[in-house]
Amino acid sequence: MESDEEPGRLHLTDPRAMRALAHPTRLRLLGELRAHGPQTVGMLSELVDEAVGSVSYHLRKLAEHGFVQEAPEHARSRRERWWRAAHVLTGWEPLEMLADPERKAASDLLRRAVLERYQQVFQSYLAAEATFEAEWVRGTASGDRGFHLTAAELQELRAELEALAARWQQRSDPDRADARRVTLIYQAFRRPE
């Protein structure tokens, strides 16, 4: 694993790390730490509705692969352990995985786990949508478009989408009184024929 050129982004290459992150509870814990900042095991246990022992185990596995780290500056005593996400983003390049069956299998496993997490997040949004103010529902977008592109154009689209997401990430500020957590999920791929 090494950092990408984008600050705070971890570039995955190790299939063991990919398999470790592919666990649904670990994906959720990492997401909660990124969204809410440093937390104790007990706080995370409540957020993800898992037993403290289970959360502690999964945090150790995440730490073993560099996804999370302890945040001792938040502890009020020697017994209290706080954790933080080690990076803002995690990414990997599927093209890098194609030549190695172990890495390809790990990448596929992680992508499927991430897709399942996206589905869970969107389902929880749909369940809560009726409780949101109209202005928040008006801003919701969901859809698909079909294009006929060359491989080079698909790569250009990917770069533009990543740049757009990075620009909005920089604008993000959880301390603004009127700001709420928003999730952006985008996909662009050639459809199998």
Side-chain angles (χ1 to χ4, degrees), residues 1-24 26-37 62 65-69 84-100 102-126 136 138-176 178-193:
M1 287 185 287
E2 67 257 5
S3 290
D4 274 341
E5 56 278 346
E6 188 176 347
R9 182 182 179 107
L10 177 67
H11 181 80
L12 288 178
T13 58
D14 181 358
R16 293 169 300 165
M18 289 180 200
R19 285 192 302 274
L21 185 57
H23 191 284
R26 293 179 199 147
L27 274 174
R28 187 139 183 239
L29 288 169
L30 182 57
E32 293 296 342
L33 288 170
R34 286 180 175 164
H36 302 291
L62 287 168
H65 295 283
F67 296 110
V68 301
Q69 56 193 204
R84 73 161 53 90
H87 306 91
V88 176
L89 298 168
T90 301
W92 62 99
E93 182 55 57
L95 181 62
E96 294 173 359
M97 310 300 154
L98 290 179
D100 181 343
E102 181 186 8
R103 290 172 69 195
K104 172 68 172 129
S107 172
D108 290 353
L109 181 68
L110 181 52
R111 289 197 286 179
R112 284 183 178 93
V114 168
L115 179 61
E116 288 176 22
R117 182 70 193 131
Y118 289 161
Q119 182 181 10
Q120 292 167 352
V121 169
F122 190 62
Q123 286 176 345
S124 66
Y125 165 77
L126 290 175
W136 288 102
R138 189 173 296 113
T140 300
S142 181
D144 64 277
R145 304 240 176 160
F147 306 108
H148 292 89
L149 303 175
T150 66
E153 289 169 333
L154 180 58
Q155 292 170 31
E156 182 181 348
L157 175 60
R158 173 186 169 173
E160 287 180 25
L161 290 170
E162 289 176 351
L164 178 66
R167 190 179 88 223
W168 281 96
Q169 182 72 50
Q170 289 176 345
R171 191 167 167 178
S172 176
D173 181 359
D175 295 329
R176 288 186 303 188
D178 60 343
R180 299 295 180 270
R181 190 170 170 202
V182 173
T183 298
L184 170 65
I185 299 170
Y186 59 87
Q187 295 177 323
F189 56 91
R190 180 182 169 194
R191 296 177 77 141
E193 297 174 12

#### Entry: Residues which pass salt bridge (charged side-chain N to carboxylate O under 4.0 Å, His left out) with Glu156, listed by chain and number, not counting sequence neighbours
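For Glu156, no residue satisfies salt bridge (charged side-chain N to carboxylate O under 4.0 Å, His left out) once neighbours in sequence are set aside.
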Listing request: all side chain to side chain donor-acceptor pair (under 3.5 Å) pairs with a residue in residues 165-174, at least two apart in sequence or in separate chains.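 Not a single pair qualifies under side chain to side chain donor-acceptor pair (under 3.5 Å).
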Task: Heavy-atom side-chain contact between Phe67 and Leu12 under 4.5 Å - done: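 Of all side-chain heavy-atom pairs linking Leu12 with Phe67, at least one is under 4.5 Å.
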Does [X] have any side chain to side chain donor-acceptor pair (under 3.5 Å) partners at least two apart in sequence or in another chain, and if so, which?
X	result
Arg34	Thr90
His36	Glu32
Glu160	none

When rounded to the nearest 0.5 angstrom, what distance separates [atom1] in [X] from [atom2] in [Y]?
X	Y	atom1	atom2	result
Gln69	Leu62	CD	CG	12.0 Å
Ile185	Gln119	CD1	CD	10.0 Å
Gln120	Leu27	CD	CG	9.0 Å
Leu154	Arg158	CG	CZ	9.0 Å
Arg16	Glu102	CZ	CD	8.0 Å
Asp14	Leu21	CG	CG	11.5 Å

Where [X] and [Y] come nearest, the two heavy atoms and their spacing:
X	Y	value
Leu30	Ala85	CD1-CB, 4.0 Å
His65	Ala20	CD2-CB, 3.4 Å
Arg181	Ala35	CZ-CB, 3.1 Å

Problem set entry | Residue pair Tyr125 / Thr140, side-chain donor-acceptor N/O under 3.5 Å |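 Indeed, the side chains of Tyr125 and Thr140 share at least one donor-acceptor pair under 3.5 Å.
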Are the charged groups of Glu93 and Arg9 less than 4.0 angstrom apart, N to O? no
Show me, pair by pair, the donor-acceptor contacts under 3.5 angstrom made by side chains of residues 103-114, not counting sequence neighbours?
| from | atom 1 | to | atom 2 | distance (Å) |
| --- | --- | --- | --- | --- |
| Arg103 | NE | Thr13 | O | 3.1 |
| Lys104 | NZ | Asp108 | OD1 | 2.8 |
| Lys104 | NZ | Asp108 | OD2 | 3.1 |
| Ser107 | OG | Trp92 | NE1 | 3.1 |
| Asp108 | OD1 | Arg111 | NH2 | 3.3 |

